[in-house]
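For ligands, and for the atoms within them, numbers begin at 1 and follow the listed sequence. Computed from a predicted structure; not experimentally measured.
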Amino acid sequence: MKNKIALVTGATSGIGKAAAITLAKLGYNIIATGRRGNRLEELKSELPEGIDFLPLIFDVRDREKVVEILQNLPERWKAIDVLINNAGNAHGIDPVQTANLDDWDAMMDINVKGLLYVSRAIIPGMTERTSGMIINIGSIAGKEVYPNGSVYCGSKHAVDAITKGMRMDLNSFGIRVVAIHPGLVETEFSLVRFKGDEGKAETVYQGIEPLVAQDIADIVEFAVTRPAHVTIADVVVLPTAQASATIVNRNSKS
Ligand code: NDP
Ligand code: 8X3
């Protein structure tokens, strides 16, 4: 039997990279996307032997490029079994009255519209084949709101709503739609949020044992290995030190 195919957006670091490697270990051939081509090459070298790999370099904000690349996949890569909509980040952490408009554009354009562009290109193949799984990476910020995070939280609330809507629209096609909503995961996320300031990024995980990308990839593995009649619809996963978006026990690291 030929290998199944998974497409993971934002596979150049963090959760996406861990998910791509985990799926490859399960025997999936991998389509991995991101803007940093060198990172995609690195990822290739970390995949098990015998796994086919297709790196695609594009910015999910670029609607024309997304459509052009994903609608013209090589024939043997077209039948995507699992789509992981993971590409995304927070940009800045500021109150609405002073926040930067470019940061707002980035978050809405990447986290929401990018997810939609990719999904719209891949879903018709799934509906035609009446099979497939879509895993959207949301956030605790899509379930709750915290100060200075209104637009990131808004973008992730949108992911939550879009996921529910996808599940409804795709219900009659037997397509499984999954959302995973993590709390604090130590990746490059905070470095991006704080625009490369390593000191500030470190404070996010101070005094706690945060989740790591593999914790999320383990949930991806669980979701894709369930029998066809089971959809893991909605998972919120937090580090034990975190009780909510705003309540974090900073004295919990032994
Ligand atoms: P990372 O910064 O480590 O990874 C982000 C990934 O998204 C990278 O591969 C990056 O690739 C890709 N990406 C970002 N912007 C674009 C773009 N414009 N076009 C294409 N790809 C893009 O962060 P995480 O792994 O933590 O984040 C992954 C997802 O998990 C995000 O959706 C994030 O919101 C979510 N999340 C993260 C949490 C955390 O605490 N870390 C908690 C909850 C949710 P490249 O830069 O090469 O383009
Ligand atoms: C990332 C988690 O709490 O930094 O989505 O918004 S948080």
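When only non-hydrogen protein atoms are considered, atom 23 (O) of ligand 1 lies nearest to Thr187 OG1, 3.4 Å. For atom 4 (O) of ligand 1, the closest heavy atom belonging to the protein is Ser13 OG, 3.1 Å. The shortest contact between atom 27 (O) of ligand 1 and any protein heavy atom is with Gly88 O, 4.0 Å.
Here is the list of ligand 1 atoms found below 4.0 Å of a heavy atom in Tyr152: 33 (C), 34 (O), 36 (N), 44 (C). For ligand 1, the atoms lying closer than 4.0 Å to a non-hydrogen atom of Ala11 are 9 (O). When each atom of ligand 1 is checked for a heavy atom of Gly34 under 4.0 Å away, the hits are 48 (O). With ligand atoms numbered from 1 in the order given, ligand 1 contributes 40 (O) to contacts under 4.0 Å with heavy atoms of Leu184. Residue Gly14 has at least one heavy-atom neighbour below 4.0 Å for each of these atoms of ligand 1: 3 (O), 25 (O).
Ligand 1 lies within reach of Arg61, whose nearest heavy atom is under 4.0 Å from it.
With rounding to the nearest 0.5 angstrom, the CD atom of Glu198 is 12.5 Å from the OG1 atom of Thr203. Of the inter-residue distances, the one linking Asp103 atom CG with Lys195 atom NZ reads 3.5 Å to the nearest 0.5 angstrom.
Residue contacts with ligand 1 for Glu186 are absent, since no atom lies close enough (heavy atoms, distance under 4.0 Å). In Arg193, the part holding a heavy atom less than 4.0 Å from any atom of ligand 2 is the side chain. No part of Ala106 comes within 4.0 Å of ligand 1, judged by heavy-atom distances.
For ligand 2, the polar-atom distance check against Ser139 finds a nitrogen or oxygen pair separated by under 3.5 Å.
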### Task
Carefully, step by step, assess Val204 and Arg193 under the rule side chain to side chain contact (heavy atoms under 4.5 Å, CB included).
CA-CA 11 Å; Val204 175; Arg193 168 167 252 172; over 6 Å; no
### Task
Could you walk me through whether Asp59 and Lys65 pass the salt bridge (charged side-chain N to carboxylate O under 4.0 Å, His left out) test, one step at a time?
CA-CA 8 Å; Asp59 187 324; Lys65 200 67 174 259; over 6 Å; no
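For atom 32 (O) of ligand 1, the candidate residues are Asn86, Asp59, Thr12, Ile137; the nearest heavy-atom contact is made by Asn86.
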